[in-house]
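Comments concern the structure below.
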Amino acid sequence: MTQVPNYDPAAVEAKWQERWAREHGNEPDLDRPDRPFYNLMMFPYPSAEGLHVGNMFAFTGADIYGRFKRLSGHDVFEPIGFDAFGIHSENYALSVGTHPGKLIPQNIETFRRQLRRFGGMFDWRHELSTTDPRYYKWTQWIFLQLFKAGLAFRKKAAVNWCPKDMSVVANEQVINGYCERHPDTKVELRYLEQWFFAISKYAERLLKNLDWLDWSDSTRALQRNWIGRSEGAELVFETPAGLKITVFTTRPDTVFGATYMVLAPEHALVDPLTAEEQRRAVSAYRRDAQRMDVVSRRVAGEKSKTGVFLGSYARNPATGEAIPIWIADYVLMEYGTGAIMAVPAHDKRDFEFATQFGLPIREVVRTGEPLPSVSEDGALVNSGPFDGMPSREAGPRIVASLKAKGLATPQVQYRLHDWCISRQRFWGPPIPIIHCDHCGPVGVPEKDLPVELPFIEDFRPDASGVSPLARHKEWYFVKCPRCGEQGRRETDVSDTFLDSAWYYLRYPSTEFDDRPWDPTRTKTWLPVTSYIGGNEHAVLHLLYSRFITMVLQELGHVAFEEPFPKFRAHGLIIKDGAKMSKSRGNVVIPDAYIQKWGADTFRMYLMFLGPFHEGGDFRDEGITGIRRFLDKVWTLAHEAAALTAGARSGLPAGVERKLHQTIKKVTADTESLDYNTAIAAMMEYLNLVRDEGVSSRQAIEPLLLMLAPYAPHLAEELWSVLGHGQSIFCERWPAFDERLAVAGEVEVVVQVNGKVRGRVSVNRGASEAEVLARAMQDESVKKFVNGNPVRKTIYVPDRVLNLVV
RNA sequence: GCCGGGGUGGCGAAAUCGGUAGACGCAAGGGACUUAAAAUCCCUUGGGGGGCAACCCCCGUGCAGGUUCGAGUCCUGCCCUCGGCACCA
């Protein structure tokens, strides 16, 4: 009996991690790569609690893919970094009373240790942190490029103000009216001067490209929803005084049923349209609407409709009749034109409003459903010359006829808003602008970048809406770069999502300080070959990154317009049926598991939990199964190594066939990220090898190669135990022979009337007649046929024969 | 309300094109080894019923229908659940 040493993961893993670092095995030659493969995963925000199981799950899944590609003959660049700016970090720093500038490096150190410990194939030479002035210099540079191109602009806007953060937050960071980071804090409406990026100009392109991007369907659907394209028309309603009110509608076919109009309370025409006797009521209503927070303003719920009649009328362009103009907070200034034509018969909201205020309701599309009917399946009524026309046809016809009178324009609307990037906070890259009384906002000259974030002790935000940086006078006052007069620095910092909107461009070029990204490196490595990440960033990070890349492409800074041609979304790891979060107290930290079981076992266990793209509930009950599997691999490999070199017996036919089937399945499943079934296939193979008492190199070596992406340390160790001098990751993924993968004999199931009654063993490719003849000899089949004539037979070669009697 | 996932044993899950439902793993029960335990190995394990036995029969993939020789898989109508959006005109 051979003496097999104990499998001690801690020792094995330390040994190989040390060797990878020493020999720079995970650092491809970025200038002369062989089949470059840029394997990207979403870089973490370095929280104080450290890497949690959700991060590990995502990184492991991406790392397996990278290692698989490397074994398949690619030079794989797998970088990692830290998304360390932002309100998250700053809030935590505030809560513990430590400066974020001190805290973040500590957190990053913890993350580095954890990332090394789990065995990621990272190229640490190219690590980056968004808080590094060498990085955010270029974040600011990007802002300036957008500013110069007119795509970054200031506007006074109703913005989301979080009283806890004491800052503006983006629409995307508001969840049902509550702050993303403070689920118990309602976001308020404030009017402030803000910096915006004109992402809405790119709505159509961002939407269109989704058709060809090789992305998870779920992610594309989320982005499509978010962009929210709707086709319709702008219609003009004129007042007797000649004022034109433009509305947007997706249902121009219902214009004959527009019995009143509603403007948003903030609409510019409210003043001129208000009749004297209504002025008091109107101003009172407008005041109330403005005081209201965004939530109660926007959430429909049980809230009944409110509104005030302006006392004036406009002409319905289709019917010519005068209809009353109202204001109501159910019409939003941010969408469309901030004004609507109300068609109570065919819109739920208008119906509710009309019912409440006794306004006329006129049916114009007969659908056979009770009012309000919103279906477009119907024919027009009460619509003059269009009566009887199907609703879908009528829309374009009506628009065309009104267009002739200059009262309509076909129009496409998007739900996507411009990206508000201002943050009245401290922990972010200062927006590189100098305000001058003569010149207005002037960009900081590129030679003066970065505008460094000063290390001020007093970084707390206050409720004034002005950034803490404004209190730092020697930083705040600066000469205008254009006229030389006294100017003031912009004190807002930019949104964290700007930091992460371009980090993938920086990774290959981190060593260059005189350019954001090197053209040659970028040409070699970008766009990103494979990006794997979570759908929680489907509409934030991924949309912004696409937008920034598109702009950079237009401005000639990169040669492609889409940064991530291939993206795969992984699932979410939850705990006890709920998202892991600190507030719930259900965050699982991987360290203890790795210490107890080893990184390889833990990696594989996470992948074995369920389908990678679905995620799942974290429990640790099954982890022993993986460990037992690796123990068996360990033992078998040592036994194989102990066999004398001459003992090169071939594989038994059954084992050889199973091996080729296994290689085929593991190859396909790893490529499609179906890691759970790939692992199951390797287990099946190992079970057979053991059952057959085989312990030869031919049996174990291909298994080690397949296992290497999943359990890299163990695979390296056993590879060297088997006498190989170089890293297993310098080897090639095993090939399979299709002919060897198929069995010579197959078992064909025999059904009688659709029920399995027997099975016969025949040569692969046997004819129907042959199988039938064999089947009719089967006792059980005979019994169920019971002498009845066979009316029909269905034969699926090598699988099933069904006899209908 | 709208747009996506999902619903299969005690549990996590498999099932390529409509062709043997439950692979793989956990847990559980029994056995071997052991002074004992752990570890390891072997056997059993969807539910119900029959047989001394090799085995045999019936039922079974959220619910109700349908298409088909044959449905977890396709169609129609529901229910539940998770995620996203939501007074977006």
Side-chain angles (χ1 to χ4, degrees), chain A residues 175-177 216-226 228 230 232 247-251 254 262 297-301 303 305 328-332 334-343 346-350 352-353 374 413-417 535-536 538-539 569 571-572 574 577-579 605 608-611 613-626 628-629 631-632 635 665 668 674 676-687 690 747-759 780 783 791-805:
Chain A
I175 294 158
N176 283 331
S216 295
D217 288 339
S218 57
T219 315
R220 290 198 289 188
L222 285 166
Q223 286 211 355
R224 285 200 181 100
N225 267 346
W226 190 259
S230 34
V247 304
F248 173 72
T249 179
T250 52
R251 294 293 305 276
T254 64
V262 188
R297 170 76 189 271
R298 282 220 189 150
V299 171
K303 199 191 98 174
K305 297 269 184 290
D329 64 3
Y330 82 91
V331 173
L332 309 172
E334 303 90 87
Y335 186 78
T337 61
I340 61 157
M341 65 174 200
V343 185
H346 305 292
D347 182 281
K348 254 181 88 177
R349 298 151 301 180
D350 297 345
E352 242 175 77
F353 191 84
V374 296
Q413 273 295 330
Y414 301 91
R415 209 191 62 100
L416 181 68
H417 295 290
N535 261 344
E536 67 271 21
V539 293
L572 199 65
I574 56 175
K579 212 181 261 189
Y605 178 61
F608 195 58
L609 222 48
H613 67 271
E614 277 175 29
D617 206 346
F618 182 82
R619 306 157 321 274
D620 53 13
E621 281 109 30
I623 196 165
T624 54
I626 296 288
R628 288 204 268 256
F629 169 70
D631 275 330
K632 290 175 199 169
T635 304
K665 180 154 179 66
D674 292 313
N676 55 334
T677 48
I679 292 170
M682 290 190 270
M683 287 174 166
E684 269 190 71
Y685 173 67
L686 183 73
N687 290 344
R690 283 165 52 89
E747 200 173 62
V748 174
V749 169
V750 182
Q751 299 179 336
V752 179
N753 288 338
K755 291 197 173 180
V756 180
R757 298 303 182 188
R759 44 209 74 184
S780 171
K783 184 172 128 204
R791 285 197 294 126
K792 190 177 172 186
T793 61
I794 294 104
Y795 180 56
V796 181
D798 300 335
R799 304 204 83 143
V800 69
L801 175 73
N802 191 8
L803 308 174
V804 185
V805 301

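None of the values given here were measured: they were computed from a predicted structure. Each chain gets a letter, A, B and so on, in the order its sequence line appears, and its residues count up from 1.
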### Task
For B:C17, measure the glycosidic angle (O4'-C1'-N9-C4 for a purine, O4'-C1'-N1-C2 for a pyrimidine) and name it syn if it falls within 90° of 0, otherwise anti.
syn

### Query
Quick one: does A:N225's side chain get under 4.5 Å of A:V539's, heavy atoms only?
no

### Query
Rounded to whole angstroms, how far apart are CG on A:N535 and P on B:G84?
10 Å

#### Entry: N or O in side chain of A:R628 less than 4.0 angstrom from B:A27 OP1/OP2
yes

### Message
Is there, by distance only and without an angle test, a donor paired with an acceptor across the side chain of A:E614 and the base of B:G6 below 3.5 Å?
### Response
no

### Message
Nearest 0.5 Å, please: how far is CG in A:L222 from CD in A:E536?
### Response
11.0 Å

### Query
Can you check the A:H613 NE2 to B:G5 C1' distance for me, whole Å?
9 Å

### Task
Starting from the 5' end of RNA chain B, give me the residue, A:G616 or A:N687, whose nearest nucleotide shows up first.
A:G616

### Query
With a 4.0 Å cut-off on heavy atoms, is A:I794 in touch with a base, just the backbone sugar-phosphate, or nothing at all?
base

### Message
Nearest whole Å is fine: how far is B:G84 P from A:W226 CH2?
### Response
11 Å

### Task
Give A:V804 one of three labels, base, sugar-phosphate or nothing, depending on what nucleic acid heavy atoms sit under 4.0 Å from its own.
sugar-phosphate

### Query
Any side-chain N or O of A:R415 less than 4.0 Å from the OP1 or OP2 oxygen of B:A89?
no

### Task
Give one of base, sugar-phosphate or nothing for A:S230, where a contact means two heavy atoms less than 4.0 Å apart.
sugar-phosphate

### Message
Give me the distance, rounded to whole Å, that separates B:C74 from B:U16 when you measure between the P atoms they each carry.
### Response
11 Å

### Message
Under 3.5 Å, is there any donor-acceptor pair linking the side chain of A:K305 to the base of B:C87?
### Response
yes

### Any donor-acceptor N/O pair, A:D347 side chain to A:D350 backbone, under 3.5 Å
yes

#### Entry: A:R799 CZ - B:A15 P separation (whole Å)
13 Å

### Task
Give one of base, sugar-phosphate or nothing for A:I340, where a contact means two heavy atoms less than 4.0 Å apart.
base

### Task
Under 4.0 Å between any heavy atoms, over every strand shown, what does A:N676 touch: base, sugar-phosphate, or nothing? Just pick one.
sugar-phosphate

### Query
What is the nucleic acid contact for A:R224, judged by heavy atoms within less than 4.0 Å: base, sugar-phosphate only, or nothing?
nothing

### Task
For A:T337 and A:V247, work out which heavy atoms get closest and say how close.
OG1-CA, 3.4 Å

### Summary
Judged by nearest nucleotide, the residue sitting upstream toward the 5' end of RNA chain B, A:I626 or A:A221, is A:A221

### A:K348, NZ atom: more than 12 neighbouring heavy atoms under 6.0 Å
no

### Task
Using a 4.0 Å heavy-atom cut-off across all strands, classify A:R757 as base, sugar-phosphate, or nothing.
sugar-phosphate

#### Entry: Pairwise P distance, B:A71 and B:G62 [rounded to whole Å]
15 Å

### Task
Would you indicate what A:K632 reaches in the nucleic acid, counting non-hydrogen atoms under 4.0 angstrom: base, sugar-phosphate, or nothing?
sugar-phosphate

### Query
Can you check B:G9 for me, syn or anti if syn means within 90° of 0?
syn

### Query
What distance do A:Y685 atom OH and A:R690 atom CZ have between them, rounded to the nearest 0.5 Å?
13.0 Å

### Message
What contact category does A:E621 fall into here, base, sugar-phosphate, or nothing, at under 4.0 angstrom with non-hydrogen atoms?
### Response
sugar-phosphate

